[in-house]
Amino acid sequence: MGSNQTKELLMSKHTDAAEEVLLEKKGCAGVITLNRPKFLNALTLNMIRQIYPQLKKWEQDPETFLIIIKGAGGKAFCAGGDIRVISEAEKAKQKIAPVFFREEYMLNNAVGSCQKPYVALIHGITMGGGVGLSVHGQFRVATEKCLFAMPETAIGLFPDVGGGYFLPRLQGKLGYFLALTGFRLKGRDVYRAGIATHFVDSEKLAMLEEDLLALKSPSKENIASVLENYHTESKIDRDKSFILEEHMDKINSCFSANTVEEIIENLQQDGSSFALEQLKVINKMSPTSLKITLRQLMEGSSKTLQEVLTMEYRLSQACMRGHDFHEGVRAVLIDKDQSPKWKPADLKEVTEEDLNNHFKSLGSSDLKF
């Protein structure tokens, strides 16, 4: 290979990395575009490292009045963190996980505390890490193509990125249900669940963005009123009720329990086809993940977002040291055989001591803000 070709190759590699996220000032707004459409805009450390400082800059800039975040390609806002890479690095004894989770959670907090109106256009798949980039912001706009889930218990993890903060604050026990089962919400249901603040027909999304960018020195109220107009004009599925509406009483009663075992017992006793379906789903999940997730949400329900992220950082590092996360990534993302062999395989074997170890302080390695 000639030196020119080598140079070109290096250049293209370099620009690829740089182009994973586009950061542009347009009109009155700073616009963040997650730009890995082939990978459903899965979030990498490189992307986090570009978004965070730019978000902080725009927050301070008197000429920037709002921040818009969106995904390229129309299929996904962001399908999550690029956890396969993290698992592979951990197995190869490269310590990327402590850095990735630390910086990701710092970014989640920056979204939550952002002093400028923050508008996330959650069009397409929005899961895990993608939820962390959107749900803590002031405005979240779903479309009929939005697909929301926190599916982490299926890969030996837990609904992180501040899940312990926003999930227990949803109506009734809805957040506990979503966290333990990984249930998927679509379209307007993402708004009805309280995860999105507005719903807009996807064909109007580009116009909505243009209208936002064209505002002159807008206040939070000006931005809210543009979103409100689009929201009231949206027409898709307006007459249907929330998909979980008829099941909310069951969800509230079955998931009002202090242990995963009790939740399982409640579902068995309920015996309805809905309850039995959820039971089947829960029984496939990592027992360790189920237990840490229930405790994470119970504790998170009375913590601030920063306190929750500190707790979740401890949990993330414990999961990296454990078995189930790597096995879950193998079964779901690498070999795709969908049959993880969890260790321990039974809820009974996940002891109080195991649980407490996940929540232990990391001392000087703790996440601090």
Side-chain angles (χ1 to χ4, degrees), residues 126-128 131-132 135 147-186 189-196 241-303 305 307-308 311-312 315 319 324 328 342 344 346-352 354-356 358-359:
T126 304
M127 295 184 185
V131 177
V135 78
L147 178 62
F148 162 94
M150 293 300 276
E152 288 81 6
T153 54
I155 53 158
L157 211 52
F158 58 95
D160 64 336
V161 298
Y165 181 79
F166 85 89
L167 288 163
R169 285 166 174 78
L170 298 176
Q171 55 190 290
K173 291 289 173 180
L174 176 62
Y176 291 77
F177 165 75
L178 294 173
L180 294 169
T181 64
F183 187 88
R184 296 173 168 212
L185 291 170
K186 298 187 177 98
D189 285 326
V190 180
Y191 164 73
R192 294 188 183 112
I195 291 150
S241 67
F242 181 40
I243 190 163
L244 291 169
E245 196 59 57
E246 54 177 314
H247 306 300
M248 274 316 295
D249 289 346
K250 280 192 173 70
I251 287 172
N252 292 340
S253 62
C254 290
F255 287 80
S256 289
N258 292 327
T259 66
V260 178
E261 287 88 340
E262 281 172 67
I263 291 175
I264 285 177
E265 205 171 302
N266 291 344
L267 290 167
Q268 274 164 342
Q269 282 181 341
D270 182 285
S272 65
S273 62
F274 175 78
L276 296 177
E277 185 53 42
Q278 304 325 310
L279 194 59
K280 239 175 37 197
V281 171
I282 287 175
N283 282 328
K284 290 196 180 116
M285 302 305 187
S286 152
T288 303
S289 289
L290 290 169
K291 286 201 172 179
I292 61 175
T293 296
L294 181 58
R295 177 156 157 194
Q296 169 207 2
L297 266 57
M298 286 163 64
E299 292 198 9
S301 65
S302 58
K303 289 185 187 310
L305 177 58
E307 289 167 341
V308 163
M311 165 180 72
E312 291 179 356
L315 292 175
C319 288
D324 281 5
W342 305 125
D346 201 311
L347 281 166
K348 294 195 292 291
E349 297 165 35
V350 184
T351 65
E352 204 54 32
D354 291 335
L355 262 182
N356 292 338
H358 277 78
F359 286 82

Colleague: Which heavy-atom pair separates Pro151 from Met127 by the least distance, and what is that distance?
Modeller: CG-SD, 4.2 Å
Colleague: Which value, rounded to the nearest 0.5 Å, describes the distance between Gln278 atom CD and Phe177 atom CZ?
Modeller: 4.0 Å
Colleague: What heavy-atom pair brings Thr153 and Trp342 nearest, and what distance separates the two atoms?
Modeller: O-CZ2, 4.4 Å
Colleague: Return the CD1 to CD1 distance between Ile282 and Ile263, rounded to the nearest 0.5 Å.
Modeller: 6.5 Å
Colleague: Who passes side-chain hydrogen bond (donor to acceptor under 3.5 Å, both in side chains) against Glu299, sequence neighbours left out?
Modeller: Arg295
Colleague: For a 4.5 angstrom cut-off between non-hydrogen side-chain atoms, does Met285 reach Leu180?
Modeller: no
Colleague: Measuring from atom CZ of Arg192 to atom CG of Leu174, what distance do you get when rounded to the nearest 0.5 angstrom?
Modeller: 13.0 Å
Colleague: Hey, what do you get for CZ (Arg169) to CG (Leu297), rounding to the nearest 0.5 Å?
Modeller: 9.5 Å
Colleague: Between Lys186 and Asp189, is the closest basic N to carboxylate O distance under 4.0 Å?
Modeller: no
Colleague: Can you tell if the side chain of Leu178 reaches within under 4.5 Å of the side chain of Met150, non-hydrogen atoms only?
Modeller: no
Colleague: Please find the pair of heavy atoms, one from Gly156 and one from Cys319, that lie closest to each other, and give the distance.
Modeller: O-SG, 4.0 Å
Colleague: By side-chain hydrogen bond (donor to acceptor under 3.5 Å, both in side chains), which residues pair with Asp354, not counting sequence neighbours?
Modeller: Thr351
Colleague: Less than 4.5 Å apart, side chain to side chain, heavy atoms only: is that true for Ile264 and Leu347?
Modeller: yes
Colleague: What is the minimum heavy-atom distance between Gly163 and Pro168, and which atoms define it?
Modeller: O-CD, 3.5 Å
Colleague: Suppose the criterion is side chain to side chain donor-acceptor pair (under 3.5 Å): which pairs have a residue in residues 172-184, not counting sequence neighbours?
Modeller: none
Colleague: Could you pull out the closest heavy-atom pair between Asp270 and Ala275, with the gap in Å?
Modeller: OD1-CB, 3.4 Å
Colleague: Please collect all side chain to side chain donor-acceptor pair (under 3.5 Å) contacts where either partner lies in residues 280-290, sequence neighbours excluded, each pair once.
Modeller: Ser286-Ser289, Ser286-Asp324
Colleague: Just how far is it from atom OG1 of Thr126 to atom CG of Leu147, taken to the nearest 0.5 Å?
Modeller: 8.0 Å
Colleague: Could you check whether atom CZ of Phe166 has more than 12 heavy atoms from other residues, nucleotides or ligands sitting under 6.0 Å from it?
Modeller: yes
Colleague: Under 4.5 Å between any side-chain heavy atoms of Phe183 and Val281, yes or no?
Modeller: no
Colleague: Does Lys291 come within less than 4.0 Å of Glu352, counting only side-chain N to carboxylate O?
Modeller: no
Colleague: Of all heavy-atom pairs between Asn266 and Cys254, which one has the smallest distance, and what is that distance?
Modeller: ND2-O, 2.9 Å
Colleague: Gln296 side chain to Pro159 main-chain N or O, any donor-acceptor pair under 3.5 Å?
Modeller: yes
Colleague: CG of Leu267 to CZ of Phe274: how many Å apart, nearest 0.5 Å?
Modeller: 8.5 Å
Colleague: Going by side-chain hydrogen bond (donor to acceptor under 3.5 Å, both in side chains), name the residues that satisfy it together with Glu152, two or more places apart in sequence or in a different chain.
Modeller: none
Colleague: Distance-only check: which donor-acceptor pairs under 3.5 Å involve side-chain atoms of residues 241-250, not counting sequence neighbours?
Modeller:
none

